[in-house]
Enquirer: 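Below is one structure. I have some questions about it.
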Amino acid sequence: MNAILDNLQAVRANIAQTARRAGRSPEGIRLLAVSKTRPAAEVFEAAVMGGQRDFGENYVQEGVGKIAALQGLLPPGYPPLAWHFIGPLQGNKTRLVAECFDWAHSVDRPRVAERLSRQRPAALPPLEVCVQVNISGEASKSGCAPAEAAALCRAVAALPGLRLRGLMAIPVPVDEFDAQRAQFARLRQLQETLCAEGLALDTLSMGMTHDLAAAIHEGSTLVRVGTAIFGERNTP
Ligand SMILES: *Cc1c(COP(=O)(O)O)cnc(C)c1O
């Protein structure tokens with residue numbers, strides 16, 4: 001049996017079962033396969049044999065190389081994959097993200113949003129954007145402060161090259177289910193507040209291999225799963 005295909009089936013079954021336990025429809029949860037550090041051949045396998053459409057990458061150069069490789073590997077007319085950039089976004093890395101990816105989940109300051117919008121090629125649809133929020137306070141450095149999220153979301157919504165989709169968070173790792181839920185609840189409550197203020201946010205990008213169930217219970221609409229699909233990564 002093929003490990004990646006088995007793992008994909010198991011993750012999908014886990015998402016569906018968890019969703020039902022949480023009183024949600026499994027269709028409301030999109031699975032992003034995080035393929036960082038994995039070769040293009042494994043992405044090909046997950047896509048063509050596993051029917052996986054969404055892939056996430058953390059490192060710009062690595063991701064761009066894989067996007068090009070997959071274009072070469074997939075048969076002509078094959079439905080396009082959706083590539084999500086989920087790693088830290090430095091100002092000097094925005095151009096390749098704007099040119100090559102479909103989504104960016106890690107927009108955490110206005111300057112990065114402005115650059116992505118300006119650099120998004122006019123021939124492509126707007127880049128789908130999640131604003132990354134730091135819901136763990138001092139313990140984490142990535143993401144904007146919750147108090148800054150409204151202004152940043154409004155800035156993204158106003159930029160022509162971007163389409164505001166929602167919020168993303170990477171909470172500090174904790175083991176207890178209730179502690180995981182408490183962190184994700186903060187992102188969900190922030191989304192509710194922002195929607196009440198008139199912002200259109202249909203995406204909550206939260207949940208990874210070790211905290212998938214807690215994220216689904218708190219309303220995640222997009223889970224980012226690497227290890228449970230592709231196995232342990234040896235390189236950081
Ligand atoms: C690596 C990574 C993931 C996937 O993590 P796993 O624990 O392997 O599922 C998800 N989101 C982000 C932002 C990541 O960097």
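Both counts, for ligands and for their atoms, begin at 1 and track the order of listing. Here, residue 1 is the first one in the sequence, and each next residue gets the next number. Quantities reported herein were computed from a predicted structural model and do not represent experimental measurements. Values below: every heavy atom of this structure, side chains too, minus hydrogens, waters and symmetry copies.
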Enquirer: Which of the numbered atoms in ligand 1 are under 4.0 angstrom from any heavy atom belonging to T227?
Expert: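 Those atoms are 6 (P), 7 (O), 8 (O), 9 (O).
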
Enquirer: Considering only heavy atoms of R224, which atoms of ligand 1 have at least one such atom less than 4.0 Å away?
Expert: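 Heavy-atom distances to R224 below 4.0 Å select 4 (C), 9 (O), 10 (C), 11 (N), 12 (C), 13 (C).
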
Enquirer: Counting N and O atoms only, with roles assigned by atom type, does the side chain of Q180 sit under 3.5 Å from a partner on the main chain of V174, one being a donor and the other an acceptor?
Expert: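 Yes; judged by distance alone, with no hydrogens or angles, the pair exists.
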
Enquirer: Flag yes if more than 12 heavy atoms outside E197 fall under 6.0 Å of its CD atom; otherwise flag no.
Expert: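 Enclosed.
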
Enquirer: Closer than 4.0 Å to some heavy atom of K36 - which atoms of ligand 1 meet that?
Expert: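 Here the atoms of ligand 1 in question are 1 (C), 2 (C), 3 (C), 14 (C), 15 (O).
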
Enquirer: Is it true that H210 lies under 4.0 Å from ligand 1, counting heavy atoms only?
Expert: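 Judged by the 4.0 Å heavy-atom criterion, H210 does not count as contacting ligand 1.
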
Enquirer: Consider ligand 1: state whether an atom of it lies below 4.0 angstrom from any non-hydrogen atom of H105.
Expert: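 Judged by the 4.0 Å heavy-atom criterion, H105 does not count as contacting ligand 1.
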
Enquirer: Within ligand 1, which atoms have a heavy atom of V225 less than 4.0 Å away?
Expert: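 Selected atoms, number and element: 9 (O).
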
Enquirer: Sub-3.5 Å donor-acceptor pair from the side chain of T37 to the main-chain atoms of R233, do we have one?
Expert: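 The answer is no, because no donor-acceptor pair under 3.5 Å joins these two groups.
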
Enquirer: Under 4.0 Å from any heavy atom of G226, which atoms of ligand 1 are there?
Expert: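 So the answer, numbered in order with elements, is 4 (C), 6 (P), 8 (O), 9 (O).
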
Enquirer: What protein heavy atom sits nearest atom 13 (C) of ligand 1, and how far away is it?
Expert: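 Here the nearest protein heavy atom works out to I170 CD1, 3.4 Å.
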
Enquirer: Do side-chain atoms of T203 reach the backbone of S205 as a donor and acceptor pair under 3.5 angstrom?
Expert: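 Side chain of T203 to backbone of S205: no pair is present.
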
Enquirer: Is it the case that the side chains of D54 and H84 hold a donor-acceptor pair, with the cut-off being a distance below 3.5 Å and no angle test?
Expert: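 Note: H84 and D54 side chains meet the donor-acceptor criterion.
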
Enquirer: Check for me whether the distance between the ring centres of H217 and F184 falls short of 6.0 Å.
Expert: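 No.
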
Enquirer: Among all protein heavy atoms, pick the one closest to atom 10 (C) of ligand 1 and tell me residue, atom and distance.
Expert: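 Nearest protein contact, heavy atoms only, for atom 10 (C) of ligand 1 is M208 SD, 3.4 Å.
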
Enquirer: How far is atom 9 (O) of ligand 1 from the closest protein heavy atom, and which atom is that?
Expert: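 For this ligand atom, the closest protein heavy atom is T209 OG1, 2.5 Å.
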
Enquirer: Which residue is it: L32, I15, N14? I am looking for the one with a side-chain contact (heavy atoms from CB on, under 4.5 Å) to V223.
Expert: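 Checked L32, I15, N14 against V223; only one passes side-chain contact (heavy atoms from CB on, under 4.5 Å): I15.
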
Enquirer: Show the atoms of ligand 1 that are less than 4.0 angstrom away from any heavy atom in I86.
Expert: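 Listed by number with element, the hits are 11 (N), 12 (C), 13 (C), 14 (C).
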
